[in-house]
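What follows is a short report on a single structure.
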Protein chains: 2
Amino acid sequence: MARSMHVRRPATLASLAAELGVSRTTVSNAYNRPDQLSPELRRRVLETARRLGYPGPDPVARSLRTRKAGAVGLLLTENLSYAFRDPAAIGFLEGLALACEDAGTGLLLVPANPEREDVAAVHRAGVDGFVVYSVPDDDPHLAAVLERPVPTVVCDQPDLGNVDRVGIDDQAAMHALAQHLISLGHRRVGVVCMRLARDRNDDFVTPERQQAAHFHVQRARLAGLAQAFASVGVDWATVPVAERFDHTMASGAAAAAQVLERDPQITALICTSDILALGALGEVRRRGMRVPADITVTGFDGIREAEQAGLTTVRQPVMEKGRAAGKLLLDSAERTRPRAVTLSTELVLGSTAASPRGTAEERWFGP
Amino acid sequence: MARSMHVRRPATLASLAAELGVSRTTVSNAYNRPDQLSPELRRRVLETARRLGYPGPDPVARSLRTRKAGAVGLLLTENLSYAFRDPAAIGFLEGLALACEDAGTGLLLVPANPEREDVAAVHRAGVDGFVVYSVPDDDPHLAAVLERPVPTVVCDQPDLGNVDRVGIDDQAAMHALAQHLISLGHRRVGVVCMRLARDRNDDFVTPERQQAAHFHVQRARLAGLAQAFASVGVDWATVPVAERFDHTMASGAAAAAQVLERDPQITALICTSDILALGALGEVRRRGMRVPADITVTGFDGIREAEQAGLTTVRQPVMEKGRAAGKLLLDSAERTRPRAVTLSTELVLGSTAASPRGTAEERWFGP
DNA sequence: CTGAAAGCGCTAACAA
DNA sequence: TTGTTAGCGCTTTCAG
C-alpha cells in the first residue's frame, strides 16, 4: 500500500470529533472503551481516523492525563553502552526486561553519564518508577532519582531507609570464599577490586579508602575478606589491595601485575569480579605461573566466561536480581513499608584454587 | 502560615508560584532559563521548591508542551529479554545506546511480544522516534510504528519506501561466502537458516517459502546462496534447507542433524547465523565428523564466540549498525528524502572450511 | 450511549 | 525582569 505524500496534518482527537460531528468523549471511547459505544459508530470513528491520518491518541497527552507513563527508568552509573559489555549487567538487564515485558511496561535506559554531573536526563524521564543499578551512594543521579515522586528500587545498594532494594549478601558471600581459601591454607594473599569511588584510583588502596568506599558492593566484599583473614591473624593492613577504575580484563591483568610486583610471595589473588579475575588469570599465566599450582586466583559473579575458564568464584543470580527489581517496582501498589529482597549466592569450586605449595620439594613433585 | 494539611498535595509549578507570589513563568524560567531572572529570585524559587518538596517540572507535562519526549523507542521482534541473549543483538543495542548517549537521549525498549498481536505498547510509547530492528516485514508492530507520526529508522529491512534504513548487503555477503565454498570445490551442500516468517516451521523449506520469506535478512542470504550455487550448475531446489524458529545453538544442532539425515553426502553445512553454526558444529562433531576434514561448516555475523571457535563466517559491524541507526534517527532534522546506510562486511576465513576430500587440486586456493 | 465541562502541569509568545 | 494569555491533546466524572 502506498503512503500518501501529503504533509501530515497533525490530526487530533478533537479535530476528528469535529469532522465526525461527535464529541471528543466518543472518539476517546472508541480507542479506550470499545464497550462504551456502538460497534457501528466505533467502526466509523476508526475508519475516519485512518482516512484523516489520525495516529490514535497522543501517548504523551494521555500520560499527562492518566498520570501513567507506561515505562520504568533504569539508571546505571556507567555509560549507557557499558551495560552491554559487562555480562553481569547484561544478565541484570535481561531479568529486568523480562519483568517489564510481563507487565507490558517499557524500559527506559536513562543516559546518566558519570563523567558529567548532568542530572537533567533523570528529570526529563517520563517514567512511573526507577530502578537504580549499582551506582555509588553519593552519585548525584541517584539523589535526583530519589527526589522524583515515583517509586524506586535500588540494586546493590546499602539501605537507603526509604526505598525498596534487592541484592545479595556480598559480605557473607565473600567471607565464605575467603574461608575456603583459608581452609586451603592461604594466608598471604593479594586483592584486585573494582572502583571504590567516583574518582579514579588505579593504585593500591588504603584501609581507610576501603572502608569509605562509595560502592556498597565493593565495600562489602572487601569487608568480608578483611574479616575472614583478620580472624585467622592476618593483618589486613599489610595485604596489597589494587583498585581499578575500568572494569575490564585488561584492568584485571594490570592490577594483578601490580600486586605481584609488590609481593611476589602471595599464594592467592582474590578478585572482586570475574572480569577482573579473568584478566588476572591471563597475567599470571603470562608470567609463567601455573594456576592453581603456583598461585590461586578467584573471582566473583559467576558469569559464563568464568565458568568456562573453570574459575573458582561466587555465583550470584544476576538475572534474578533484575527480575526481582522489576517485580518489586511494578508491584509497588501494595507497598507499605520499604521491602528488601536478598538473593542467595553459591560458592563455585573451580580449578583455579588449591592449597599453596609451601616447599620447593612439593613444587617439584606435585600433589 | 496557616497550613495544617496533613496530606500534602503534590506541589506543582503553579502552587509554587502561588506560594512565592510570582507568576508561573518565573518559576518555569528558574528551571529552564536561568538567565531570564535574577540570581537572587532564582535562588529563592529553588529554595522554596525544596522546602515544599517540589520535584521540578513534571517531565510528561513538559513533553506535552514542548512536543519532545527526549527518548527514542526501540522495537525488537523478539521478547524483550531476547535482545540480551543474542550477541549480535547486544552489539546492535550497544551501538544504539552509544548514539543515544551522545545525544543525551533516552532509549526506550518497547515491549513488543511477537506472540501477542498487542500493538498497544507501540501506541503508548512516548518517544521522538523509533528504531526498528530486524522484524518481519509483515509484523503488526512495525505497521503500528509506521503509523506514528515520528521519524523511524529500520534496520535489516527491505526498502520501505518512506523511511530511513541501515543494513548490510546480505545477499552480496552471502554470495561471497558461497563463492569461497564453491572455489574450494563444494557442490553438494546443506543449509540451516533462521525463521523465515512469523509462523513456526522447524522443518525443511520449500523454494517458495524461501522467496516469500518475511525476514528480509534471511531471504537475502538465502538468495545469495541460491544465486551463487545455481551459477555453477547446482539445482537449488534439491538443496536441503532446514529452518528453525528459535535462534539458539540447540536449534542449530537439531537442524544440522535434520539436514545430515536427509543427505549424508553433503560436504558443507552453511548456516545463516553464527549461533546456528556453533550449534551445527557441535552436532557434526558429536557425530564423529571432523571439521573441516569431513565437513565444512560456516556461519554469519562474526560474533566473538564464532571467532573463538575459528568459524569461517561473514563479519558484519553490528555495533556500527546500531550506532548508524541512532545517528540517522537523531539527525533527522535535516532529513528530506529517505536515507539508506549500507555498511560493509568482511569474509572471515576461519578453520572450519576446507576443500571437500577428493578435490585436493583445489587446495592451492590457500589458507 | 453521548456530550459538556474541567482540568492534567507545563511552556512560550507577547505585553507590560 | 516579570506577568498574562493560550493552549499542548487527552481523559473523565457527571448529566442527559
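Note on naming: letters A, B, ... go to the chains in the order of the sequence lines (proteins, then strands), and numbering restarts at 1 for each one.
In this structure, the CG atom of B/N29 is 10 Å from the P atom of D/dT1, given to the nearest Å. Across the protein-nucleic acid pair, A/K68 atom NZ and D/dG9 atom P stand 23 Å apart, rounded to whole Å. Regarding B/N32, its CG atom lies at a distance of 13 Å from the P atom of C/dA13, rounded to whole Å. C/dT11 atom P lies 11 Å from atom CG of B/L64, rounded to whole Å. A straight line from CZ of B/R33 to P of C/dA13 spans 7 Å, rounded to a whole angstrom. The distance from atom CG of A/D58 to atom P of D/dG9 is 7 Å, rounded to the nearest whole Å. If you measure from atom CD of B/Q36 to atom C1' of C/dA13, you get 12 Å, rounded to the nearest angstrom. Atom pair B/Y31:OH and C/dT11:P shows a separation of 10 Å (rounding to whole Å applied).
Pairing each heavy atom of A/Y31 with each of A/A49, the nearest pair is OH-CB, 3.2 Å. Contact detail for B/R165 and B/P158: the closest heavy-atom pair is CD-O, 4.0 Å.
Under the 30°/60° scheme for interplanar angles, the aromatic rings of B/F84 and A/F84 are found to lie parallel.
Here B/V22 lies in heavy-atom contact (under 4.0 Å) with sugar-phosphate atoms only.
Remark: B/D164 does not engage B/K327 in a salt bridge, criterion side-chain N to carboxylate O under 4.0 Å. We find that A/E47 and A/R50 are not joined by a salt bridge, their nearest charged nitrogen and carboxylate oxygen being 4.0 Å or further apart.
The nucleotide whose nearest atom lies closest to any side-chain atom of A/S38 is, among C/dA5, C/dT2, D/dT5, C/dT2. Checking D/dC10, C/dT2, C/dC10 against the side-chain heavy atoms of B/L13 singles out C/dC10 as nearest.
Checking the phosphate oxygens (OP1, OP2) of C/dC10, no side-chain nitrogen or oxygen of B/S63 falls inside 4.0 Å. In this model, the phosphate group of D/dT12 is not approached by any side-chain N or O of A/T66 to a distance below 4.0 Å at OP1 or OP2. Checking the phosphate oxygens (OP1, OP2) of D/dT4, no side-chain nitrogen or oxygen of B/S23 falls inside 4.0 Å. The phosphate of C/dC8 has neither OP1 nor OP2 within less than 4.0 Å of any side-chain N or O from A/R67. Taking only side-chain nitrogens and oxygens, A/Y54 comes nearer than 4.0 Å to OP1 or OP2 of D/dC10. Checking the phosphate oxygens (OP1, OP2) of D/dT1, no side-chain nitrogen or oxygen of B/R42 falls inside 4.0 Å. At the phosphate of D/dA6, neither OP1 nor OP2 sits under 4.0 Å from any side-chain N or O atom of B/R65.
Residue side chain A/T25 reaches the base of C/dA4 through a donor-acceptor N/O pair under 3.5 Å, judged by distance alone.
With the nearest nucleotide of DNA chain C identified for both A/G21 and B/A14, A/G21 has the one nearer the 5' end. Closest-nucleotide positions on DNA chain D for B/T26 and A/A61 were compared, and the one nearer the 5' end corresponds to B/T26.
Around atom CZ of A/R42, more than 12 heavy atoms belonging to other residues, nucleotides or ligands sit under 6.0 Å away.
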